[in-house]
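First listed ligand is number 1; within each ligand, the first listed atom is number 1. Computed from a predicted model, the values in this text were never measured in an experiment. Position 1 is the first residue of the sequence, and the numbers go up from there.
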Amino acid sequence: MSGLLVEAPGSGQDLAIEVGGLHQRYGNFEAVRGISFTVQRGELFALLGTNGAGKTTTMEVLEGFTRPGDGHVRVFGLDPWKDRRKIRPRIGILHQDAGFLGDLTVQETVTLWRGMSADAGRATIDNALALVGLESKAKVKVRQLSGGQKRRLDLALAVLSRPDLLFLDEPTTGMDPEARFATWKVIQDLKAQGATVLLTTHYLEEAERLADRLAIMHEGSIHTYGTVDEVVSGAGDQVAFRLPMSAAQAKERFAEGLPFVQGIAPIVTYTAGGTQVVYTLSEGSEAARAQAAVRSLLAWADGVGVTLERLEIRRGTLEDVFMRVVGEVR
Ligand SMILES: Nc1ncnc2c1ncn2[C@@H]1O[C@H](COP(=O)(O)OP(=O)(O)OP(=O)(O)O)[C@@H](O)[C@H]1O
């Protein structure tokens, strides 16, 4: 499904990023295989995907570090490679690995960075450190920071010049839940002040919390995209319950297996406390369908004389969609 156009609601000058049919190669290897998407100004767009899907490669083209291969790429209407001098002052970049000098303190690092920044006047060092909660570490050497603290320093540098467009490549990797939450708040605040954000992450919850729209990439192609609600609605509802018995007891009792519901086989997981059974109803299923599934399961349970514990109808999750995308193309 490469070459899908992921259109932002706006167009033309509302767009911060336009990518159309981008192909990107490393020698004979095609890392990006004809992807298309747009990001509207002020929007937060998340690129999700498996390891090696091509997310960082795409970011590097948009950041002006790599010459685009085939296809159309624009950042604020300009060519990110040819016009990188014009674009650079307007963007902030958080790389996966910034490569700090370990002997410098946090404050010295930010000072050095600020000296190289094209628009240094827009933020003070104290502000930048306060923004990411590193004020108390100003005099600490970078090599003494924890992994999550280094990631926060990365973010301070990326936002130092208050950029119009932020590229955040896995911004919360290595952070504890509290630091991750604080970082989400920083990103939301920057967005509220008008920044456009292109984010990559392996944390699906992060995308669910932050993204206006997202795309799931795998092996160089975009396989699904849309708002979080649009993407999640493709997951289908699930009907789930627990049987109060061990795997051995369940196998003995239901020698012929658990029933199919609407032609769908259950996914059965045995745990110490019981047996979890889940049916994923097809894409776009309606409440009536889930209700009919529950009815037939209750009839089956009455027939075999078993209690369905914690019986529920639940909405599919982004994780379900992600696993299906990855599973389908394997
Ligand atoms: N400089 C390079 N030379 C050759 N191959 C490369 C180079 N950089 C990346 N690749 C390959 O291109 C593919 C895409 O890599 P990329 O870093 O863009 O993926 P990603 O989606 O960011 O992955 P991850 O989530 O693991 O960071 C991978 O198969 C990777 O091995």
*Is there any N or O on Ala53 that sits under 3.5 Å from an N or O of ligand 1?*
yes
*Of the protein's non-hydrogen atoms, which lies at the shortest distance from atom 8 (N) of ligand 1, and what is that distance?*
Tyr26 CZ, 3.3 Å
*Could you tell me whether the side chains of Thr201 and Glu206 share a donor-acceptor contact shorter than 3.5 Å?*
yes
*Which option, Asn51, Asn28, Thr200, owns the non-hydrogen atom nearest atom 26 (O) of ligand 1?*
Asn51
*Judged by modelled atom types alone, do Thr57 and Tyr26 share a side-chain donor-acceptor pair under 3.5 Å?*
yes
*asked:* Need the ligand 1 atom indices (1-based, order shown) with element for anything under 4.0 Å from a heavy-atom of Thr57.
replied: 14 (C), 15 (O), 16 (P), 18 (O)
*Answer yes if a protein heavy atom lies under 4.0 Å from atom 17 (O) of ligand 1, otherwise answer no.*
yes
_Gap separating the CD atom of Gln144 from the NZ atom of Lys139, nearest 0.5 angstrom_ = 14.0 Å
*Write out the residue and atom name of the closest protein heavy atom to atom 27 (O) of ligand 1, then the distance separating them to 0.1 Å.*
Gln96 NE2, 3.1 Å
*asked:* Please tell me whether Gln276 and Arg242 have a donor and an acceptor in their side chains that are separated by less than 3.5 angstrom.
replied: no
*Any non-hydrogen atom of Glu60 lying under 4.0 Å from ligand 1?*
no
*Heavy atom of protein inside 4.0 Å of atom 14 (C) of ligand 1, strictly below*: yes
*At a 4.0 Å threshold, what atoms of ligand 1 neighbour a non-hydrogen atom of Phe29?*
11 (C), 12 (O), 13 (C), 29 (O)
_For ligand 1, the portion of Glu170 having any non-hydrogen atom under 4.0 Å away_ = side chain
*Phe76 ring centre to Arg90 NZ or CZ under 6.0 Å, with the angle to the axis within 45°?*
yes
_Centre-to-centre under 6.0 Å for Phe260 and Trp300, is that the case here?_
no
*What residues, two or more places apart in sequence or in another chain, satisfy side-chain hydrogen bond (donor to acceptor under 3.5 Å, both in side chains) together with Lys137?*
none
_Taking atom 22 (O) of ligand 1 as the reference point, the nearest protein heavy atom with its distance_ = Thr56 OG1, 2.6 Å
*For Ala31, counting its heavy atoms only, list the atoms of ligand 1 lying under 4.0 Å from any of them.*
12 (O), 13 (C)
*asked:* On the six-membered ring of Phe65, is Arg88 placed so that its NZ or CZ lies under 6.0 angstrom from the centre and within 45° of the ring axis?
replied: yes
*In the protein, what heavy atom is nearest to atom 23 (O) of ligand 1, and what distance, to one decimal place, separates them?*
Gly52 N, 2.8 Å
*Do Leu47 and Tyr203 belong together in a cluster built from hydrophobic side chains that touch within less than 4.5 Å?*
no
*Can you list the atoms of ligand 1 that are under 4.0 Å from a heavy atom of Gly54?*
14 (C), 18 (O), 19 (O), 20 (P), 21 (O)
